[in-house]
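As the structure is a computational prediction, the values presented were derived from the model and not from experiment. Quick note on labels: first sequence line is chain A, next is B, and so on, each numbered from 1.
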Amino acid sequence: MTMKCSEVLACISEYVDKEVCPDSCSAIEEHLAKCSHCRAQVQTITQTVTLVRRMKNCCAQKDMVIRLQRRIVRIDRGKL
Amino acid sequence: MTTLDMEAEAALLDRAKTGDREAFWELAAGSVDPIYRLALRLMKREEDAEDVVQESFLKALDKIGEFQGKSRFNTWLHRIAVNQGLMKLRKRRSDVFSMDAPVGGGEEGDAHFMELADFGSSALEDLESSEAATVLESALEELPIDLRTIVVMRDVNRMSNDEVAQALELPLGAVKWRLHRARTILRDRLGEYFAERVCRTGETG
Ligand SMILES: [Zn+2]
């Protein structure tokens with residue numbers, strides 16, 4: 001059974017995340033072997049996800065956590 | 001991120017529910033950075049993001065007695081943070097948003113049959129170039145908020161599709177579809193950039 005391009009494209013994200021079941025996975029790979037269009041889709045989505053995952057991520061400042069903890073202490077005192 | 005296993009989390013949760021602040025922090029500490037990242041992507045302003053973080057953790061502390069532990073604590077915090085963020089955005093009125101609204105960006109990505117060049121082997125190293133990073137930053141910033149929320153939870157905070165679905169109270173299929181839409185939009189923006197770069201540098205593609 002062969003998959004259509006539209007069917008492959010519909011599950012491309014899951015395929016890239018390696019979350020498709022083994023059966024679908026081999027059907028997709030069978031299609032990819034023959035279809036350069038879908039191959040390019042898989043490749044560029046894979047690259048995009050990699051780039052997003054490599055983005056520099058901000059971290060919460062220590063001060064923020066300290067301010068939060070102080071607020072909690074104040075709330076707890078208020079309850080006493 | 002969350003390295004606690006389910007059992008350890010359940011035990012901490014029991015203690016946290018009795019008012020044990022140390023247990024609460026053990027549960028919550030790993031979520032501070034992810035929640036801040038999410039809040040910053042939602043609010044786009046540091047001071048608003050901090051407010052969302054503070055309000056979310058205080059709300060979690062207040063409501064912990066009602067938390068059943070059916071999802072991970074981190075997932076629950078994301079859920080609270082999204083709600084806090086949206087409430088604040090509605091007040092700000094600069095960004096209209098509903099999780100039930102039609103998926104942003106229309107349907108045109110559905111049959112995306114234009115010929116796609118791959119970004120080239122240098123693309124990944126290129127992200128270290130601040131230019132490509134800026135393109136990605138602004139592409140992410142311009143994503144409709146429902147799609148942006150999902151990308152941040154999934155690809156930045158590395159939550160599973162199930163966790164995202166729980167956090168947003170969306171069917172799993174809706175999360176997958178929106179993630180797919182979001183990645184496609186980002187891909188198209190990056191594709192434009194890399195295609196243009198190839199022209200500029202005179203490489204043959
Ligand atoms: Zn195809």
### Query
In terms of heavy-atom proximity below 4.5 Å to chain B, should A:Glu19 be classed as side chain, backbone, both, or neither?
side chain
### Task
Can you tell which part of B:Ile35 gets under 4.5 Å to a heavy atom of chain A, answering side chain, backbone, both or neither?
neither
### Task
Supply the atom-to-atom distance B:Leu170 CG to B:Ile150 CD1, rounded to the nearest 0.5 angstrom.
6.0 Å
### Query
Looking at B:Lys88 and B:Asp51, does any basic side-chain N land under 4.0 Å from a carboxylate oxygen?
yes
### Message
I need the full list of salt bridge (charged side-chain N to carboxylate O under 4.0 Å, His left out) pairs touching residues 31-47 of chain A, with sequence neighbours left out, sorted by first then second residue.
### Response
none
### Query
Roughly how far, to the nearest 0.5 Å, is CD of B:Gln84 from CD of B:Gln54?
11.5 Å
### Query
Can you say whether B:Arg21 sits under 4.5 Å from chain A via the side chain, the backbone, both, or neither, judging by heavy atoms?
side chain
## Note on the structure
Honestly, the part of B:Val152 sitting under 4.5 Å from a heavy atom of chain A is neither
### Summary
chain B shares the most heavy-atom pairs under 4.5 Å, among A:Met64, A:Arg71, A:Gln69, with A:Met64
### Message
Tell me if a side-chain donor or acceptor on B:His78 pairs with a main-chain N or O of B:Ala167 at a distance below 3.5 Å.
### Response
no
### Query
So what's closer than 4.5 Å to chain A heavy atoms on B:Glu137: side chain, backbone, both or neither?
both
### Query
For B:Asn161, is it the side chain, the backbone, both or neither that has a heavy atom under 4.5 Å from a heavy atom of chain A?
side chain
### Summary
For B:Arg158 and B:Asp155, the nearest pair of non-hydrogen atoms, with its separation, is NE-O, 3.3 Å
